[in-house]
Amino acid sequence: MATSVSVAGFHKPLYSTFHGGWGTSICGDNSTVLIKSVPEAVRVTKPVRFLPVMKNINEGKGLFAPVVVLARNIIGKKRFNQLRGKAIALHSQVITEFCKSIGADAKQRQGLIRLAKKNGERLGFLA
């Protein structure tokens with residue numbers, strides 16, 4: 001059953017392709033098949049949570065990374081981490097003294113320390 005619609009200004013009537021009722025136009029003729037395909041209950045499980053991994057994203061990369069890895073393998077991981085901790089502490093002290101000499105505040109000092117850490121990662125010192 002086609003419905004004719006006439007609009008002012010048009011000489012020929014416009015025809016619609018709408019056939020049937022609203023129920024078939026929204027759901028279609030096979031709406032019962034669609035309803036049966038949807039499960040009645042959905043089981044929701046607790047999401048899997050992964051533990052954070054504290055790891056350098058640039059590990060093994062950088063100019064000095066091979067030397068750092070070689071030194072760690074020679075002197076051992078525990079001793080190497082102790083020496084690296086001391087070196088980082090001394091470098092932070094140098095940055096602090098530099099900031100005192102130029103009159104930089106604590107926020108600028110912290111920014112310089114973060115910049116030194118990023119540069120150390122890029123160069124491979126923290127490999």
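A pairwise comparison of heavy atoms in L126 and E121 identifies CD1-CG, 3.4 Å as the closest pair. Taking each heavy atom of A116 and H91 in turn, the nearest pair found is CB-CE1, 3.6 Å.
In this structure, V67 is not a member of the same hydrophobic cluster as I74, with clusters built from ILVMFWY side-chain heavy atoms closer than 4.5 Å. Using a 4.5 Å cut-off between side-chain heavy atoms of Ile, Leu, Val, Met, Phe, Trp and Tyr, with links allowed through other members, I75 and V68 fall into the same hydrophobic cluster. When the side chains of ILVMFWY residues are joined at heavy-atom separations under 4.5 Å, either directly or via intervening members, L70 and F80 end up in a single hydrophobic cluster. No single ILVMFWY cluster, assembled from side-chain heavy atoms under 4.5 Å apart, contains both L115 and I95.
Atoms CZ and CG, from R122 and L63 in turn, are 14.5 Å apart once rounded to the nearest 0.5 Å. For the atom pair OG of S92 and CG of L112, the computed distance is 11.0 Å after rounding to the nearest 0.5 Å. Within the model, atoms CD of E97 and CZ of R109 stand 10.5 Å from one another, a figure rounded to the nearest 0.5 Å. Taken from CZ in R84 to CZ in R72, the straight-line distance is 6.5 Å, to the nearest 0.5 Å. Atom NZ of residue K100 and atom CG of residue D105 lie 14.0 Å apart, to the nearest 0.5 angstrom.
When atom types are taken as modelled, the side chain of Q110 and the backbone of K107 share no donor-acceptor pair closer than 3.5 angstrom.
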